[in-house]
Structures are given as structure tokens and as C-alpha cells.
Amino acid sequence: MTRVHVLYTGGTFGMTGRPLRPMELAELERALPKAGKLVSGVEVVLERFERLIDSSSITPAYWVNIARHIERNYEAFDGFVIIHGTDTLAYTASALAFMLEDLRKPVVITGSMLPLLEEGTDAIDNYRLALMVAGHRALGLPAIPEVCVAFAGRVLRGCRSRKMGGRERPFDSPHYPPLAKLQGETLRLFPERLLPMPEPGATLRVQDRLDTDVLDITLYPGLRPETLRAMLALPQARGVVLRAYGAGNAPEDEAFLAALEEAMRERGRAVLVVSQTPYGKVALGHYAASSGLLRAGVISGADMTPEAAITKLMTVMAQAGDDTARIKELMQQNLRGEMGGHLAGRGFYPRPERFFGL
Ligand code: ASP
């Protein structure tokens with residue numbers, strides 16, 4: 001038997017009532033089909049989170065608990081499934097990807113758009129897909145040594161995933177093709193897209209420190225330089241993710257750029273620029289409108305999702321402390337396949353479908 005550990009954290013998947021709230025574990029266990037019926041050869045141990053939540057209440061402290069939970073059960077299971085609400089699922093997937101080092105076993109996060117007990121639910125299909133990935137041995141497939149998201153027939157890299165909403169593709173991975181997908185009843189894996197297995201002898205390490213002094217600022221027409229300056233002066237803004245326009249563009253305004261430049265020079269702030277466009281990719285200096293940011297000394301987030309940028313900054317800042325140069329260096333490294341890769345250098349608006357015929 002292939003053993004899979006399932007952690008139920010809450011989310012629409014297990015919700016009932018009006019307004020919707022998570023049902024208890026015993027109720028969920030009764031409502032869920034037996035694992036062996038969904039994927040033959042898979043045995044499940046189901047546990048619940050200490051507090052069942054709507055994922056909009058998740059905090060970094062919960063991520064630490066999930067990571068420790070995986071660490072405690074790591075040796076006894078072939079893979080892990082986390083049932084999670086969809087609202088912050090991409091943040092949790094990204095955070096765990098950075099927190100779990102030298103992972104050899106799949107950690108699969110899933111959820112659903114409709115509750116398990118509602119007609120037309122996607123909960124069982126998503127759960128079954130997650131069990132297939134986590135219980136890979138039962139299917140004769142290699143392990144995906146990554147934190148991934150199983151949703152609507154596709155398996156996405158966790159730190160590349162984003163919630164898009166809607167029925168068709170509630171989750172997507174705008175800059176990286178799926179790691180696996182369902183074709184009929186068969187799970188098709190794309191081995192060339194997976195992260196490599198850790199070196200022989202390397203064992204799981206959990207980075208359980210996160211520095212949450214990260215501020216996420218979205219540019220919008222009308223954001224005043226003095227507002228930006230005030231935000232950057234907050235003690236809680238040691239690290240900043242700046243969601244700029246398109247290819248990383250920002251107003252060509254002296255006062256605006258001076259606010260950023262001063263925050264970096266005088267306060268040692270680390271400022272990482274990502275694109276607010278789902279398919280956009282930062283290319284500083286491509287337009288005159290991003291040359292100022294480049295000169296001011298911001299870090300390019302390239303094609304990182306905002307979710308990955310925020311959680312990567314939290315883990316990197318915890319490691320590097322006050323050493324801004326080290327933060328910059330680590331932020332520019334591809335740590336978990338969160339940036340660059342397959343689509344690097346293919347232009348600014350790549351749609352994976354176009355390149356991979358998906
Ligand atoms: N509010 C829910 C949650 O994130 C939404 C969902 O699960 O789809 O927990």
C-alpha cells in the first residue's frame with residue numbers, strides 16, 4: 001500500500017451551511033469516498049488542522065505549523081495532501097515551497113470551488129488528482145519532489161501558481177507549464193519540467209523562520225509620492241514588493257523615484273519589483289519608464305508571481321537578517337523554480353499554451 005497523509009485545514013472543500021463554515025473532521029471523513037476507491041493501492045491517514053479555517057484567515061504562523069506537521073510525518077508517508085481554501089492557496093503553496101528544503105516527496109495542495117456536499121462539486125475530482133500525485137507509487141509513477149497544486153485536472157508548481165477564479169481554470173501558472181495533467185483517467189507527468197531530486201543523502205530541512213516585515217505595494221495612477229514615502233518609512237516595511245505595471249514600469253516622476261531610492265539607501269529597504277499583469281514579466285530598462293527603477297537600485301522579480309515574491313522575501317529576510325546585499329543576492333537566485341526556466345527570454349507576454357500546445 002502507498003501511504004498518503006492528508007491534512008484538512010478548512011476551506012470551501014469541507015464547508016457547509018449558510019454562511020459557509022468548515023465541517024468537522026469526522027463529518028468530512030464520512031462524506032469523502034474511501035481513498036482506495038478513488039485510487040487503488042492508496043491508503044490515507046486523515047488529520048485536521050488545530051483550527052479549521054476559511055483560508056482568508058491564514059497567517060505565516062499556520063505555514064510554520066503545516067511545515068512542521070510534514071516534517072513530523074515525513075518518514076512514514078509517501079506523499080502529503082493539504083486540503084486548503086482557495087483564497088490564499090497560492091500563498092501557502094509558495095511559502096511551503098521556500099520553507100521545505102531538499103524535498104523528495106510530493107506535497108500536494110488542493111481545494112475546491114464548490115463544497116464537497118454540493119451538487120456538481122469539483123472537490124472529489126481535485127481530491128482524487130491530489131491522491132494520484134501524492135500516492136504516485138501506486139500508479140507506478142516517479143515522485144514529484146515539489147510543493148504543487150492539484151486543481152481542475154492539472155498539477156502546477158506551487159510557487160508559480162495563482163488563483164484566477166472562475167469555473168474553467170480556477171488556478172493557473174502563467175509562466176510555467178503544468179508538471180502533470182489528467183488525460184482521461186491517466187495522469188501524464190512531464191519529467192523534464194520537474195525540479196531535480198535533491199542530492200543523495202540530503203534530508204528534508206524545514207526553514208521555519210519567516211520575517212513578516214514585508215509590505216506589498218500596488219502602483220496605481222494617483223498614488224502620491226508622499227504616500228509612497230510614508231509607506232516605505234513604516235518599520236514593518238523592511239522588505240517591499242512593488243507591483244509595477246506591465247514589464248515593470250512606474251511613473252517617470254522625480255519625487256516618486258527619490259522616495260524609493262531614499263528608502264533603499266537610507267533605510268536599507270529591499271525593494272523587489274514584480275508585474276501586476278498576470279502574464280507580465282519584469283524587464284527593467286526595456287522602457288524608459290522602468291529605467292528609473294533600475295537606476296534607483298530595485299531588485300527585479302522577473303516573472304515571479306506576487307505570491308512567490310512575498311513569501312520568498314519573508315524566508316530570505318529571515319535568513320539574511322540586516323544584510324541587504326545578501327537579500328538582493330538570494331532574491332535574484334532561482335531557489336525553487338519560481339523564476340526563469342522554460343520561458344526565460346521568450347518575450348514579455350508568454351502564454352504557456354502557445355509554446356507547449358497545452
Ligand atoms: N473562502 C474560501 C477559503 O479560501 C474559498 C475557497 O476555499 O474556495 O477558505
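Please read these numbers as outputs of a predicted model, since none were measured by experiment. Each ligand, and each atom within it, is numbered from 1 in the order the structure gives.
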Checking Asp208 side chain against Val64 main chain: does a donor-acceptor pair fall under 3.5 Å?
-> no

Consider ligand 1: state whether an atom of it lies below 4.0 angstrom from any non-hydrogen atom of Pro22.
no

Here the atoms of ligand 1 under 4.0 Å from any heavy atom belonging to Gly11 are 7 (O), 9 (O)

So the atoms of ligand 1 within less than 4.0 Å of a heavy atom of Ser112 turn out to be 8 (O)

Do the numbers put Arg3 on top of the ring of Phe77, so that NZ or CZ is under 6.0 Å from the six-membered ring centre and no more than 45° off the axis? yes

among protein heavy atoms, the one nearest atom 8 (O) of ligand 1 is Thr86 OG1, 2.5 Å

Does ligand 1 come near enough to His84 that some N or O of the ligand is less than 3.5 Å from an N or O of the residue? no

Exercise for the section: State whether Glu262 and Arg229 are salt-bridged, where the test is any N-O pair (Lys NZ or Arg NE/NH1/NH2 against Asp/Glu carboxylate O) under 4.0 Å. Expected result: yes

Here the atoms of ligand 1 under 4.0 Å from any heavy atom belonging to Thr12 are 2 (C), 5 (C), 6 (C), 7 (O), 8 (O)

Is the shortest distance from a Lys or Arg side-chain nitrogen in Arg326 or Glu329 to a carboxylate oxygen in the other one below 4.0 Å? yes

> Between Arg193 and Glu146, is there a side-chain N and carboxylate O pair less than 4.0 Å apart?
Replying inline: no

What I want to know is whether Ser55 and ligand 1 share at least one N or O pair that is separated by under 3.5 angstrom. yes

Polar atom proximity, Asp87 to ligand 1 (N or O, under 3.5 Å) = yes

(request) Please determine if Thr88 has a nitrogen or oxygen closer than 3.5 Å to a nitrogen or oxygen of ligand 1. (result) no

ask   = Between Glu252 and Tyr287, is a side chain to side chain contact (heavy atoms under 4.5 Å, CB included) present by the stated rule, with each step listed?
value = CA-CA 11 Å; Glu252 293 179 79; Tyr287 287 94; over 6 Å; no

Would Lys105 pass as a cation-pi partner of Phe80, given that its NZ or CZ must be under 6.0 Å from the six-membered ring centre and within 45 degrees of the axis? no

